[in-house]
Amino acid sequence: MASTTGSQVLSSLYQHSVADYWNAERNPVNLRLGEVDGIYHHHYGIGVVDWTVLDGPAETREERTIAELHRLETAQAELLMNHLGPVHPSDRLLDAGCGRGGSSLMANQRFGCRVDGVSISESQVEFATEQAARRGVDDKVGFHFKNMLDTGFETGAFQAIWNNESTMYVELGLLFAEHSRLLRRGGRYVTITGCYNDAYGLPSRAVSEINAHYICDIHPRSTYFKEMAANRLVPASVIDLTPATIPYWELRAKSSLTTGIEAAFLDAYKGGSFQYLLIAADRV
């Protein structure tokens, strides 16, 4: 494959700033959790917390807590994959905004098919590529320094595409237009994302704090459905995961891996200004 330069992939100063952020990111809350089993995620968790991890010997409490946080984030990825629809070994999947590649590796292990991941962070792509090679699946799982708004992949190449907490870095109209082009008719798109609640009004102070922390732009809930409708993506399932993710944040706030943003997430979720949604949509 021909090499791709940053000027070909990154089309704005904002995208350069996002790429710089993720190229430099070495956050223990991502790296330490991935060390549990070699699956490195860049998303949050869902499910009932086993609070007994905080009990017992103090010298092993951190190890137990990290394993529990990782179990919750893996459960989130598994739930997303449950909504990808029928996937066969001959199909092809796209992980848009793949981070360090954990979900792509899980999808290949589960479905046995080709998976491509794209990221505007060259360091993430390099890290994920090394993980695929280490697992001996680099012939089936490939990671690419590409912009998910303009991937260059063939039209209709994919049976399913997902964004896992990456849509807040792009314009949804441009993103869904590209996904609609890439999906074959009848294919499935799934996103798990944080969005601000239109009923609340403008973004709350806590949501604005989250935006500033991650240099992102959290979209209102309504924009997802508006732009999906404009791009031939018809919602098949919508699940409010807010109650399911709050326990993850409560445990993370008690861990050694806090980043200072935990209180903002909990305030926004519990106050109703912020929601954590799964949306699965069919390409028609």
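In this text, all values refer to a predicted model and were calculated from it rather than measured experimentally. Position 1 is the first residue of the sequence; numbering continues from there.
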Engineer: With distance as the sole test, does N211 use its side chain to make a donor-acceptor pair with the main-chain N or O of I218 at under 3.5 Å?
Structural biologist: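 Side chain of N211 to backbone of I218, a donor-acceptor pair under 3.5 Å: yes, one is there.
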
Engineer: OG/S273 to NZ/K270 distance, rounded to the nearest 0.5 angstrom?
Structural biologist: 13.0 Å

Engineer: Establish, yes or no, whether the cationic atom of K146 lies under 6.0 Å from the six-membered ring centre of F153 and within 45° of the ring axis.
Structural biologist: yes

Engineer: Under 4.5 Å between side-chain heavy atoms, counting indirect links through other Ile/Leu/Val/Met/Phe/Trp/Tyr residues: same cluster for L257 and V36 or not?
Structural biologist: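 As far as the 4.5 Å side-chain criterion goes, V36 and L257 are connected within one cluster.
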
Engineer: Tell me if a side-chain donor or acceptor on Y248 pairs with a main-chain N or O of V48 at a distance below 3.5 Å.
Structural biologist: no

Engineer: Determine whether a donor-acceptor pair (N or O, by modelled atom type, separation under 3.5 Å) exists between the side chain of D91 and the backbone of H88.
Structural biologist: yes

Engineer: Verify, without hydrogens or angle tests, whether N108 (side chain) and C113 (backbone) share a donor-acceptor contact under 3.5 angstrom.
Structural biologist: yes

Engineer: Do Y44 and F265 have their ring centres less than 6.0 Å from each other?
Structural biologist: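 Centroid distance Y44-F265: below 6.0 Å, so yes.
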
Engineer: Would you check, one step at a time, whether the test ring-ring contact (aromatic ring centres under 6.0 Å, His included) holds for Y189 with F176?
Structural biologist: CA-CA 9 Å; Y189 170 67; F176 294 158; 5.5 Å; yes

Engineer: So, for W22 and H42, is the gap between ring centers shorter than 6.0 Å?
Structural biologist: yes

Engineer: Should I120 and Y21 be regarded as members of a common hydrophobic cluster, given that ILVMFWY residues are connected when their side-chain heavy atoms come within less than 4.5 Å of each other, either directly or indirectly?
Structural biologist: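 Linked within one cluster.
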
Engineer: Are the side chain of Q15 and the backbone N or O of S11 linked by a donor-acceptor pair below 3.5 Å?
Structural biologist: yes

Engineer: Indicate yes or no for a side-chain donor-acceptor contact from T74 to the backbone of H70 under 3.5 Å, with no hydrogens or angles considered.
Structural biologist: yes

